[in-house]
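Please read the structure below before turning to the comments.
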Amino acid sequence: MAESKALTTRTADFSAWYNEVIARAELADYSPVRGCMVIRPNGYAIWEQMQQALDRMFKDTGHQNAYFPLFIPQSFLSREAEHVEGFAPETAVVTIAGGKELEEPLVVRPTSETIIYSMYAKWIQSYRDLPLLINQWANVVRWELRTRLFLRTTEFLWQEGHTAHASEAEAEAETRQMLGVYRRFAEEWMAMPVITGRKTDSEKFAGALRTYAIEALMQDNKSLQAGTSHNLGQNFARAFEVTYQTSEGSIDFVWNTSWGVSTRLIGGLIMTHSDDSGLVCPPKLAQWQVVIVPIFRTDEERGSVLDAAERLLRELRAAGVRTHLDAREGMKPGAKYYEWEARGVPLRLEIGPRDVAAESAMLARRVGARKESVPMAGLASRIQSEMEAMQIALLEAARERRERASLRGATRAEFIARMEGEGGFVYAGFCGAPTCEAEIKEQTKATIRVLPDEEFRSPKQPTTCMWCGAPSTAEAVWARAY
RNA sequence: CGGGGUGUGGCGCAGUCCGGUAGCGCGCCUGCUUUGGGAGCAGGAGGUCCCGGGUUCGAAUCCCGGCGCCCCGACCA
C-alpha cells in the first residue's frame, strides 16, 4: 500500500521524481497544447509570493511597472542583427487575424526589448528623462523543441526590466544592481544559494554587450540559470534610434539594460529543497506556512478540538502567519499528513483531545527534527521563530550540498571524470577561446555557467586553461545545465 | 528531424504473441462503522480499447495507412 503511493525516489530517477512532485503537490498540469503548462492554484500561489517579494525589491530600487503589447511587428525583431538571429527560430508568428492575412506578420513576444525600445525612442528626449526604469510582468512565448514543466515551457510567465541610462557606467551599475537583487531574492526568499558572474559570449543574451547570471546547483548536480541581467550597451538604442540630448547639447544614444526571472524559478525551488516525500517549500514563499490538523473520535471531542483549532487559526492569522485549518471530514489524520507533506507545507500543528486538555499542540516540521509538543501560550511567536530557523537551515543545507558537489582547480582528466560521473560545479582555468569552449561542450556536454565574480573565485587562481593548457584568462565554473 | 518506447474508464496498468465481445489497482459516488501517520465493509457510477480502412461469422487482439504522447539527441530562460 505505502509503496504504491510513494513517489519515485530522486536516486532512482530524478526526472520522474521531479514530475511526480509537481503532480502530487498539484503545482501544474500538462495542457492540450504540446509544451504548454497549466499552473494550478498551488503552483500559482508560490508564483504570487515570488512576485510580491520581487516587485517590492524592484520598487525599492526605483522601478515602475508598465505593460507592453503581446504582439510585435515582425520587422522589429530584425532591427538588431544578433537579436533576430537568436530569437527568430523560436518565435510563434500570427499571419492571419480577423479572417484576413496580415500585411505584416505579428510575432508573439519571445522577449520585449524591441517593442519597448521603440516606445522609449518616443518617450526619451533629454538627459532629464533618464534614467528610465521600467519593469513589466508578462507572459512570453518561445517555441522550444523540448519542454519540461516550469523549467522550459512554450509559454512562461516572467518579469522583464528594461532601463535606459545616460552613460555606460550607469547602465553597468544598474545591470549589476539587479543581479544583486536576484541573488538576494534567491538566497533570502527561495533559500537557494547562487553563484554570480558573467556569461561567456557564447552564452550571452542575443543582442547584449554583457550578460550576468545567477546559477544554482540542483540536487542532481545540474546547474540552473535562475536569472539574468544584461548590459545591452547601445545596441538596441542604435537599432531603434533611442537618443537624447545631453546637458552639453549634443545628441547621444542611450545605454540600456534588461533583466528577468521567470516561472522557471519554481522549478529551481523544487529541485533545490524537495525530498522523496514531495515538495519542500521555504516558509517565506509557502502558500500555507502552517496547517492545523484536528484529531477527534466522538462528537464531544470534535466540538472541543475544532474549537481550540479555530482559536489557534485566528491567533496565527492575526500574527501574520499564513495558516490553514484542515477540517475535512472522513479523512484520517495520517492521510492529511502525507498530503500536506507532499504539498510542502513547512509546519504542521496537530490538535487532539490530549492536546486540548494540556493546552498544547503537536508541532511537526516538514524537514529536520521530529514532532514535539509545544504549549498553546506563545505559539505564534514560537511558529515565527521556527520559520525563521527553517528558512536559514534550508539555505545552509543547500549551500553545503553545493559545496560538496563543487570541485576547484580540476585537471582535464578530473574534469571529464566529474562530468561523466557525479556532476556538479567545476572551477578551473579557461583560456578564453570560443573554440576551446565549444570543444568542451561537445565532448562533455558541460558549459561555462559563469566566469564567477570575485567573491566566488578560488583562493588560488588557476594559471592555465584546464582543457588546452594555454595561459588562463579567467577562472570559469563549468557544469552540465538545464 | 534522427534513435527508442507507448496509446485500453479520471490516473497507473494487465489483456494483444495464440481473435470469442474488457479486467485489476488507485481515485470517484452512497451508506454504516472509523479517525494520534496513507481506514474497513457493503453497494454503485464510469470505457467509440488513438483514428481510418481491410481480413473474419466475430477484432483491443491479425494486416495496411495515419495521428498523438513520452524518453534520448540537435535548439534553449
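Naming: A, B, ... by sequence-line order, numbering from 1 per chain.
A 3.5 Å limit on both hydrogen-bonding distances identifies no Watson-Crick or G-U partner for B/U55. Nucleotide B/A42 forms a pair with B/U30, judged by Watson-Crick or G-U wobble geometry with both contacts under 3.5 Å. Nucleotide B/A22: unpaired (no Watson-Crick or G-U wobble partner with both distances less than 3.5 Å). Nucleotide B/C17 has no partner under the Watson-Crick or G-U criteria, as no pair reaches both atom distances under 3.5 Å. Of all nucleotides present, only B/C1 satisfies the Watson-Crick or G-U wobble test against B/G73, with each distance under 3.5 Å. The partner of B/C67 is B/G7, by the rule that a Watson-Crick or G-U pair needs both atom distances under 3.5 Å.
In this structure, A/Thr153 reaches the bases: a heavy-atom distance under 4.0 Å links it to at least one base atom across the strands shown. The residue A/Pro89 sits apart from the nucleic acid: no heavy atom pair falls under 4.0 Å. Contact annotation for A/Arg148: no contact, since no heavy-atom pair falls under 4.0 Å across all strands. As judged by a 4.0 angstrom heavy-atom cut-off over every strand, A/Leu224 is placed among residues making no nucleic acid contact. Counting any heavy atom pair closer than 4.0 Å across all strands shown, A/Lys199 reaches no nucleic acid atom. A/Phe156 comes within 4.0 angstrom of a base, heavy atoms only.
Between the C1' atom of B/U34 and the CD1 atom of A/Ile295 lies a distance of 14 Å, rounded to the nearest Å. Residue A/Asp29 contributes atom CG, which lies 10 Å from atom P of B/C11 at whole-angstrom precision. Rounded to an integer number of Å, the gap from CG of A/Leu306 to P of B/U35 is 16 Å. For the pair A/Glu90 CD and B/A77 P, the interatomic distance rounds to 7 Å; values are reported in whole Å. Here the C1' atom of nucleotide B/A77 and the CD atom of A/Gln159 are 12 Å apart, to the nearest Å. Across the protein-nucleic acid pair, A/Leu349 atom CG and B/G36 atom C1' stand 14 Å apart, rounded to whole Å. Atom P of nucleotide B/C70 and atom OH of A/Tyr30 are separated by 7 Å, given to the nearest angstrom. Between the CD atom of A/Glu20 and the P atom of B/C26 there is a distance of 18 Å, rounded to whole Å.
Counting only heavy atoms from C-beta on, A/Arg297 has its side chain closest to B/U35 among B/G38, B/U35, B/G36. Of the candidate nucleotides B/A74, B/G36, B/U35, B/G36 has the atom lying nearest to any side-chain atom of A/Glu350. For A/Glu341, the side-chain atoms get nearest to B/G37 when compared with the rest of B/U35, B/A77, B/G37. Closest to the A/Glu144 side chain, of the nucleotides B/G38, B/U35, B/C75, is B/C75. Among B/G37, B/A77, B/G36, the nucleotide with an atom closest to any side-chain atom of A/Pro333 is B/G36. Nearest to the side-chain atoms of A/Arg142 among the listed nucleotides B/A39, B/A77, B/G73 stands B/A77.
Spacing between B/C1 and B/G12 at atom C1', rounded to whole Å, works out to 31 Å. Spacing between B/A60 and B/C13 at atom C1', rounded to whole Å, works out to 14 Å. Here, B/A59 and B/G44 have their C1' atoms 31 Å apart, quoted to the whole Å. Comparing the C1' positions of B/C24 and B/G15 gives an interatomic distance of 10 Å, to the nearest angstrom. Of the C1' atoms belonging to B/C62 and B/G3, the separation is 28 Å, rounded to the nearest Å. Between B/G46 and B/G25, the distance separating the two C1' atoms is 16 Å to the nearest Å. Spacing of P atoms, B/G47 relative to B/G9, comes out at 11 Å, to the nearest Å. Comparing B/G2 with B/U21, their C1' atoms sit 41 Å apart, to the nearest whole Å.
The aromatic ring of A/Tyr337 does not sit over the base of B/G37, since the test of centres under 5.5 Å and planes under 30° is not met.
Side-chain contact between A/Gln136 and A/His162: absent, with no pair of heavy atoms (C-beta onward) separated by less than 4.5 Å. Proximity of A/Arg399 to A/Glu187: side-chain heavy atoms (C-beta onward) are separated by under 4.5 Å at one or more points.
Using a distance-only test at 3.5 Å, with no hydrogens or angles considered, no donor-acceptor pair links the side chain of A/Glu90 to the main chain of A/Arg142.
Annotation: of the two residues near RNA chain B, A/Gly334 and A/Thr228, the 5′-most nearest-nucleotide partner is A/Gly334. Of the residues near RNA chain B, A/Gln225 and A/Thr147, the one whose nearest nucleotide (by heavy atom distance) lies more toward the 5' end is A/Thr147.
For NZ of A/Lys441, the number of neighbouring non-hydrogen atoms (other residues, nucleotides, ligands) closer than 6.0 Å is 12 at most.
The pair A/Glu386-A/Arg382 meets the salt-bridge criterion, with a side-chain N (NZ, NE, NH1 or NH2) lying under 4.0 Å from an Asp/Glu carboxylate O.
Rounded to the nearest 0.5 angstrom, A/Met390 CE and A/Leu395 CG are separated by 12.5 Å.
For the pair A/Arg176 and A/Tyr212, the cation sits on the ring face: its NZ or CZ lies under 6.0 Å from the ring centre, inside 45° of the axis.
Residue side chain A/Lys371 reaches the base of B/G37 through a donor-acceptor N/O pair under 3.5 Å, judged by distance alone.
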* Asked: Is there a salt bridge (Lys or Arg N to Asp or Glu O under 4.0 Å) between A/Glu341 and A/Arg24 once you walk through the steps?
  -> CA-CA 10 Å; A/Glu341 280 165 12; A/Arg24 193 68 67 89; over 6 Å; no
